[in-house]
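Sequence lines set the chain letters: A, B, ... in the order given, protein chains first and strands last, and positions in each chain run from 1.
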Number of protein chains: 2
Amino acid sequence: MFSKKTEYALRATIYIAKHSSEEKKLSIVDISKAINSPQSFTAKILQVLTKKKLIHSLPGPNGGFYITEPTLQAPISCIIDAMGENEALDKCVLGLKKCSTANPCPLHEQYKKVKFQLKEIFEEKSISKLAKELKNNKSLQY
Amino acid sequence: MFSKKTEYALRATIYIAKHSSEEKKLSIVDISKAINSPQSFTAKILQVLTKKKLIHSLPGPNGGFYITEPTLQAPISCIIDAMGENEALDKCVLGLKKCSTANPCPLHEQYKKVKFQLKEIFEEKSISKLAKELKNNKSLQY
DNA sequence: ATAATTAAGGACAAAAATATCTTTAATTAT
DNA sequence: ATAATTAAAGATATTTTTGTCCTTAATTAT
């Protein structure tokens, strides 16, 4: 569905949401270990999220990444958007440039319904809610 | 959703299904022009489909690609499979290696439903039926 | 048989995605 | 102030995807 970049972005954000606060920041080392993603690559991704103010960062001892209320209450679609992958949810399955009700590919109507549901999933629940649902007793196998 | 390779494979197959027969074969030039795909790249893709007997080909004058009943009656999931992209429909949204009901990512249950519907779409209608639904009066904008 | 036509096959090229490494800048603890 | 720690930034490397080109093989029309 999504690129690695977006997958890591989502995993990192959910992890940060679950484990960080302004008092307890998380280093890129910790984060990438926890979500099993390449460290430097993940650093780049978090740089983007930081620039877009979806997460925050502070260098230095006890520095790291953390997340604040506005993003905690936002849906994960904002992370997907930040990674530039929102269009993935608008594209035609067959890759037609102009596929619409007026000029549909043979899968248009059915696929449209699924895309709508997907969008709902990504816009429905807040990041904080998802983080809470994440069970960390049974550790997830990334 | 899918790679270019798979998109071209689907478009080409549907096009061949609509416009070819054993008596009227289509050249790779015609096909790639019609579906607006890079010719040589599309040739490689059709080679794969041909090897897997999903379509057929014959070299020489009046040669080209054509399709026969077994594939016409098959669902497009067989094309997706041939392109090795069936797994795309099984993967976890977050890219977790082992995401299951027993050990779910926070989106597992909702996403599972959507994946099920997607699979249904790709397994439901036959290629021939899809080809018939393709309106070619209003030319599709590939 | 020969020439023309078309797909098959192999080598190569370009672009995009994924990933790493090194240096710099910011912050903090001492 | 200094050293330690951490993210930011930039350059570079690797892999995968996407795409091209050229030669070979198969088929057909003449």
Side-chain angles (χ1 to χ4, degrees), chain A residues 1-13 16 20 22-67 80 83-85 87-88 91 95 142, chain B residues 1-13 16 20 22-67 80 83-85 87-88 91 95 142:
Chain A
M1 167 94 250
F2 294 124
S3 64
K4 292 278 178 195
K5 201 172 74 168
T6 300
E7 284 178 6
Y8 298 152
L10 291 170
R11 272 149 58 176
T13 304
I16 295 169
S20 88
E22 202 154 347
E23 294 77 46
K24 191 194 171 201
K25 304 186 190 72
L26 301 171
S27 76
I28 185 61
V29 178
D30 291 342
I31 295 165
S32 60
K33 267 183 193 158
I35 68 168
N36 190 31
S37 65
Q39 194 185 115
S40 298
F41 191 47
T42 307
K44 296 291 186 199
I45 291 163
L46 296 192
Q47 256 177 54
V48 173
L49 296 181
T50 302
K51 269 196 184 159
K52 303 210 172 180
K53 313 261 186 186
L54 290 168
I55 59 175
H56 302 278
S57 72
L58 212 65
N62 295 312
F65 296 92
Y66 61 101
I67 200 167
I80 296 164
M83 292 295 107
E85 212 152 11
E87 53 169 55
K91 271 190 59 188
Y142 289 97
Chain B
M1 168 93 248
F2 294 123
S3 65
K4 292 282 177 195
K5 201 172 73 167
T6 300
E7 283 178 6
Y8 299 152
L10 291 171
R11 271 149 58 176
T13 304
I16 294 168
S20 89
E22 202 153 348
E23 295 77 45
K24 191 193 171 203
K25 306 187 191 73
L26 301 171
S27 75
I28 184 64
V29 178
D30 292 343
I31 295 166
S32 61
K33 267 183 192 157
I35 68 168
N36 190 31
S37 65
Q39 196 187 114
S40 298
F41 191 45
T42 308
K44 296 291 183 197
I45 292 162
L46 295 192
Q47 256 178 56
V48 173
L49 296 181
T50 302
K51 267 195 187 161
K52 302 209 172 180
K53 313 259 187 184
L54 289 168
I55 58 176
H56 302 279
S57 73
L58 212 64
N62 295 312
F65 295 92
Y66 61 101
I67 199 166
I80 296 164
M83 293 294 107
E85 211 152 11
E87 51 169 58
K91 272 189 57 186
Y142 288 98

Between [options], spot the one nearest the side chain of [X], thanks.
| X | options | answer |
| --- | --- | --- |
| A:Ser57 | D:dT18, D:dA7, C:dT20 | D:dA7 |
| B:Ile28 | C:dA7, C:dT18, D:dT6 | C:dA7 |
| A:Lys44 | C:dC21, D:dA7, D:dG10 | D:dG10 |
| B:Ser27 | C:dA19, D:dT20, C:dA7 | C:dA7 |

Distance in angstrom units between [X] [atom1] and [N] [atom2], rounded:
| X | N | atom1 | atom2 | result |
| --- | --- | --- | --- | --- |
| A:Met83 | C:dA17 | CE | C1' | 14 Å |
| B:Leu46 | D:dG19 | CG | P | 14 Å |
| A:His56 | D:dA8 | NE2 | C1' | 17 Å |
| B:Phe65 | C:dT5 | CZ | P | 18 Å |
| B:Ile16 | C:dA7 | CD1 | C1' | 12 Å |
| A:Lys24 | D:dT6 | NZ | C1' | 17 Å |
| A:Ile45 | D:dA8 | CD1 | C1' | 15 Å |
| B:Gln39 | C:dT5 | CD | P | 15 Å |

When we call it a touch if two heavy atoms are under 4.0 Å apart, what does [X] touch: a base, just sugar-phosphate, or nothing?
| X | value |
| --- | --- |
| B:Ile55 | nothing |
| B:Lys25 | nothing |
| A:Leu26 | sugar-phosphate |

Do A:Ser37 and A:Thr42 get their side chains close enough for a donor-acceptor pair, meaning under 3.5 Å? yes
Can you name the nearest heavy-atom pair linking A:Ser32 to A:Gln39, along with the distance? OG-CG, 3.4 Å
Non-hydrogen atoms of A:Gly95 and B:Glu7 that approach each other most closely: CA-OE1, 3.4 Å
Between A:Lys5 and A:Val48, does the side-chain contact (heavy atoms from CB on, under 4.5 Å) criterion hold? Intermediate values first, please. CA-CA 11 Å; A:Lys5 201 172 74 168; A:Val48 173; over 6 Å; no
Could you write out DNA chain C as dot-bracket? Rules: Watson-Crick or G-U wobble, both distances under 3.5 Å, brackets [ ] for crossings, | for pairs with another strand, dot for unpaired. ||||||||||||||||||||||||||||||
Going by heavy atoms in the side chains, are [X] and [Y] under 4.5 Å from each other?
| X | Y | answer |
| --- | --- | --- |
| B:Ile31 | B:Phe65 | yes |
| A:Ile67 | A:His56 | no |
| A:Lys51 | A:Gln47 | no |
| B:Ser57 | B:Tyr66 | no |
| A:Ile80 | A:Thr6 | yes |

Distance in Å, [X] [atom1] paired with [Y] [atom2], rounded so as to fall on 0.5 Å steps:
| X | Y | atom1 | atom2 | answer |
| --- | --- | --- | --- | --- |
| A:Thr13 | A:Leu54 | OG1 | CG | 7.5 Å |
| A:Ser3 | A:Glu85 | OG | CD | 3.5 Å |
| A:Phe2 | B:Met1 | CZ | CE | 10.0 Å |

Could you identify which residues of residues 47-54 of chain B place a heavy atom less than 4.0 Å from some atom of DNA chain C, listed by residue number, or say none? B:Gln47, B:Thr50, B:Lys51
Sorted by position of nearest nucleotide on DNA chain C, 5' first, the leading residue of B:Val29 and A:Lys4 is B:Val29
Encode nucleotides 23-30 of chain C as B, S and - characters from 5' to 3', where the letter depends on protein heavy atoms closer than 4.0 Å: B to the base, S only to sugar-phosphate, - to neither. ---BBBS-
Please check the phosphate of D:dT18 (OP1 and OP2 only) for any side-chain N or O of B:Tyr8 closer than 4.0 Å. no
